[in-house]
Amino acid sequence: MSAKVNDDLLTERRKCEFNVEELTNYLDGGAQATQNRRKLEDKVLSTKGLFDEVPEEYLSHKEKYENAVRKAVVYYKAMKEAEDPNQTEQERANATYRSLLHAAVFKDNSPFSLHLAMFIPAILGQADEEQKKYWMKRASKMEIIGTYAQTELGHGTFIRGLETTATYDPKTEEFVLHSPTLTAYKWWPGSLAHTANYCVVMAHLYINGKSCGIQPFIVQFRDEETHQPLPGIKLGEIGAKLGFNTVNNGFLGFDQHRIPRNRMLMKNAQVLKDGTFKRSPNSKLTYGTMVYVRVVIVNGMANQLARAVTIAVRYSAVRRQSELKPDAGEPQILDYVTQQHKLFIGIASSHAFTLTAKWLTRMYQKVTADLEKGNLDELPELHAIACCLKAVTTTDTSVLVERSRTSCGGHGYMLSSNLPQIYGLVTAACTYEGENTVLMLQTARSLVKALEQAQSGKRLSPTMSYLSEKVSSRLKWDNSIDGIVKGFRRVAYGKVESAMRSMRKYVRSGLGPEDAWNMSSVQLVAASEYTSISEADIRQLQDTYEDLLGKIRPNAVGLVDAFDFRDQILNSTLGAYDGRVYERLMEEALKSPLNAEPVNQSFHKYLKPFMQGKL
Ligand SMILES: CCCCCCCCCC/C=C\CCCC(=O)SCCNC(=O)CCNC(=O)[C@H](O)C(C)(C)COP(=O)(O)OP(=O)(O)OC[C@H]1O[C@@H](n2cnc3c(N)ncnc32)[C@H](O)[C@@H]1OP(=O)(O)O
Ligand SMILES: Cc1cc2nc3c(=O)[nH]c(=O)nc-3n(C[C@H](O)[C@H](O)[C@H](O)COP(=O)(O)OP(=O)(O)OC[C@H]3O[C@@H](n4cnc5c(N)ncnc54)[C@H](O)[C@@H]3O)c2cc1C
């Protein structure tokens, strides 16, 4: 018999003014896509061995990892078996696009995540046809497990500063991989420590003593039978982190490790047997995997934010606290306008990020298709936009997930709420795949170039066109959508123009262009933030805003129900569909090993002798 649903949640669902299922279908891309997603989730989540008897927060660091590997194997097989052979690739992609299925199994991400998120995309984007055929067969069947090893102990942002060398030996037609210093050790790659046995290594290629830039190499570093590290390979785990503690991030050092010539991924640049180097049409094509993951991250943020606000809004409908009016009883905390202000922006932002992710994915697919035909014209714009949207969505999601947590009071601080873990996952994305400030400065680089082109009368790309509209500075704000967008364009234009003026002022004062850039970089980052709509400006329409909060209030639970996250995916004592918050908090508390006995052994060992002055 299913548990009784909390009365307040029942009332909320009766008050909802729109068809929740219709919104779910819209978010999925149609009723059939919703059905496919639910069918996939039903199949996979009914698999035995996917869930933890003991909550993983009570396991040791080592036990957490071993448990995650156990689940990863079960989960991966279940996903493969659940694939509907009659579905097209696109239908399969749609079914997983919005599903956070993996989050039902891994609260802190999977030890296989880099294999799927970067190792396979790197092969697809960097290998030539022959290499792709061979390695994709092995990687897609999980005969090998890979990761993406670019970051080093000493360098993450500055790729051109990477110290790992790959020196071509024409006599043996091999590359010699070497870590000349401790700071050259690969450091951070997920799965690297104990899970993967192959990786795509980004290393500095040298031929006859000449630098040929950073190139991708596919490198085996563990024996496929024994899993022992190969000769010349030093491996280990980098230690406990804020989150990602089951991703197995590791370090790897090379000591004159030799690999055959065909292990350099040669789609873009090639090394012939005699050591002739054939340059890539654009050296930045080597960075292509990162552009792809930045695009994927935007969609990931939309889903994770939706999960956090679902938990917080449902909890806010159940939690009653304080007194809004004398003798009127304790109101639902969702009736406090401050609570609405904290949470409803999160619902809206998740929808905005979903639509943005769809738009960016289409742009990525078009530019990638053009690249295949040798047309690189739109690569710089894709890079600039992907940098900006990855940085803005991860920053905003981190802020809004943390706000969802704090809006739940003490219970939001419990690991059983799952809000701290969701925060740990999303805040990592502000750093990985390009630290956000660095990426915003990449976008700023494009904005400055675009404004200079606009000022010399050149046509701009669609996403930069606002820099060529001579928007009057006397523009009057009005509350229409068109008025708001015009206002944003005016502010965005002004921010770029001001940063440019600042740089020119520094150059006139005698600074070189690099120092002028650095001195203006705070303004440059701010200018990039306005390339996509940010929340700060909405506050200037405060009266409209508070009116909107009131309109959303009766539909808030319906809006988060429409995200259609099942309880296993929310994995939260506060966010379950039935709203039985207090019973769940107690059920989870009793799972703590400390509750197995009324008196812990530390009393007899330490407390009692201490309190009796015997210690
Ligand atoms: C919580 C759920 C989320 C779901 C997400 C799913 C995935 C989650 C699982 C995976 C988890 C973790 C994975 C993390 C993996 C990693 O972190 S991999 C390592 C990532 N590292 C980086 O991103 C490094 C960032 N640094 C750089 O990209 C470059 O160093 C930088 C661009 C900052 C500078 O490079 P330079 O070579 O120095 O270039 P510049 O001089 O600045 O510019 C030269 C020109 O090149 C253009 N450019 C630069 N990058 C690109 C690119 N990628 N594509 C195209 N063009 C590029 C740049 O615009 C300049 O052009 P111009 O000269 O102006 O014309
Ligand atoms: C959870 C997690 C998972 C990861 N997984 C992987 C992985 O699988 N594979 C992999 O290769 N890497 C991985 N990374 C590494 C990640 O890509 C790097 O941490 C990231 O690129 C930032 O580099 P860094 O850590 O060296 O920081 P730094 O580049 O040293 O940045 C430190 C500070 O310096 C500032 N700074 C640096 N350069 C500039 C500049 N030009 N202008 C202005 N400010 C600047 C930054 O803004 C930042 O504030 C992972 C990281 C994390 C946190």
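Residue numbers count from 1 along this sequence. Indexing begins at 1, ligand by ligand and atom by atom, following the structure's order.
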#### Entry: Shortest protein contact, atom 36 (P) of ligand 1 (heavy atom only)
Arg160 NE, 3.5 Å

### Message
Give me the residue, atom name and distance of the protein heavy atom closest to atom 17 (O) of ligand 1.
### Response
Glu433 N, 2.9 Å

### Query
What about Gly434: any of its N or O atoms under 3.5 Å from an N or O on ligand 1?
yes

### Query
Judging by distance only, is a nitrogen or oxygen of Arg445 under 3.5 angstrom from one on ligand 1?
yes

### Message
Under a 4.0 Å threshold between the charged nitrogen and the carboxylate oxygen, would Glu41 count as salt-bridged to Arg566?
### Response
yes

### Task
Answer with side chain, backbone, both or neither: which part of Val438 has a heavy atom less than 4.0 angstrom from an atom of ligand 1?
side chain

### Task
May I ask you to list the atoms of ligand 1 that are less than 4.0 angstrom from any heavy atom of Val291?
53 (N), 54 (N)

### Query
Of all the non-hydrogen atoms in the protein, which one sits nearest to atom 3 (C) of ligand 1, and at what distance?
Met301 CE, 3.7 Å

#### Entry: Closest protein heavy atom (residue, atom, distance) for atom 47 (C) of ligand 1
Lys284 CG, 3.8 Å

### Query
More than 12 foreign heavy atoms under 6.0 Å from NZ of Lys234: is that the case here?
yes

### Task
Record the part of Met290 in heavy-atom contact with ligand 1 below 4.0 Å; permitted values are side chain, backbone, both and neither.
side chain

### Shortest reach to atom 57 (C) of ligand 1 by a heavy atom, considering only His383, His155, Glu435
His383

### Summary
A student checking ligand 1 against Tyr148 at a 4.0 Å heavy-atom cut-off should list atoms 18 (S)

### Summary
protein heavy-atom neighbour closest to atom 4 (C) of ligand 1 works out as Gly300 CA, 4.0 Å

### Task
Would you mind checking which non-hydrogen protein atom is closest to atom 30 (O) of ligand 1, with the distance to 0.1 Å?
Thr157 O, 2.6 Å

### Summary
By side-chain contact (heavy atoms from CB on, under 4.5 Å), His351 pairs with (sequence neighbours left out) Leu23, Leu27, Ile347, Phe563

### Task
Ignoring hydrogens and angles, tell me if any N or O in the side chain of Ser528 forms a donor-acceptor pair with the backbone of Met440 under 3.5 Å.
yes

### Message
One residue to check: Arg294. Relative to ligand 1, which of side chain, backbone, both or neither has a non-hydrogen atom less than 4.0 Å away?
### Response
side chain

### Query
Nearest to atom 8 (C) of ligand 1, what protein heavy atom do you find, and at what distance?
Tyr432 OH, 3.7 Å

### Query
Is the count of non-hydrogen atoms from other residues, nucleotides or ligands lying under 6.0 Å from Met414 atom CE greater than 12?
no

#### Entry: NZ/Lys241: more than 12 non-hydrogen atoms of other groups inside 6.0 Å
yes

### Message
Looking at Lys390 and Glu433, is any side-chain nitrogen of the basic one under 4.0 Å from a carboxylate oxygen of the acidic one?
### Response
no

### Message
Could you check whether Lys107 pairs with Asp52 (Lys NZ or Arg NE/NH1/NH2 to Asp/Glu carboxylate O, under 4.0 Å)?
### Response
no

### Message
To check your reading of the model: name the closest protein heavy atom to atom 9 (C) of ligand 1, its residue, and the distance in Å.
### Response
Ala117 CB, 3.9 Å

### Region of Met118 engaging ligand 1 - heavy atom pairs below 4.0 Å
side chain

### Query
If we only count N/O pairs under 3.5 Å, is Gln150 in contact with ligand 1?
yes

### Query
Any idea which of His102, Gln442, Lys449 brings a heavy atom closest to atom 62 (P) of ligand 1?
Lys449

### Query
Does the distance from a Lys or Arg side-chain N to an Asp or Glu carboxylate O, for Glu529 and Lys495, drop under 4.0 Å?
no

### Query
Has Phe217 got more than 12 heavy atoms of other residues, nucleotides or ligands less than 6.0 Å from its CZ?
yes

### Task
Report yes or no: does Thr310 contribute a side-chain atom to a donor-acceptor pair with the main-chain N or O of Ala306 at less than 3.5 Å?
yes

### Query
Tell me, which residues have any heavy atom less than 4.0 Å from some atom of ligand 2?
Leu114, Tyr148, Gln150, Thr151, His155, Gly156, Thr157, Trp188, Pro189, Gly190, Phe244, Asn249, Ala428, Thr431, Tyr432, Glu433, Glu435, Thr437, Val438, Leu441

### Message
Please list, in number order, the atoms of ligand 1 under 4.0 Å from a heavy atom of Gly156.
### Response
24 (C)

### Task
Locate the shortest heavy-atom distance separating Ala196 from His227; write the atom from each residue and the value.
O-CE1, 3.6 Å

### Task
Taking atom types as modelled, find out whether Arg362 and Gln365 have a side-chain donor-acceptor pair closer than 3.5 angstrom.
no

### Salt-bridge criterion met for Arg405 and Glu402 (N-O under 4.0 Å)
yes

### Query
Of all heavy-atom pairs between Ala429 and Ile297, which one has the smallest distance, and what is that distance?
CB-CG2, 4.3 Å

### Electrostatic pair Arg70:Glu66 at N-O distance under 4.0 angstrom
no

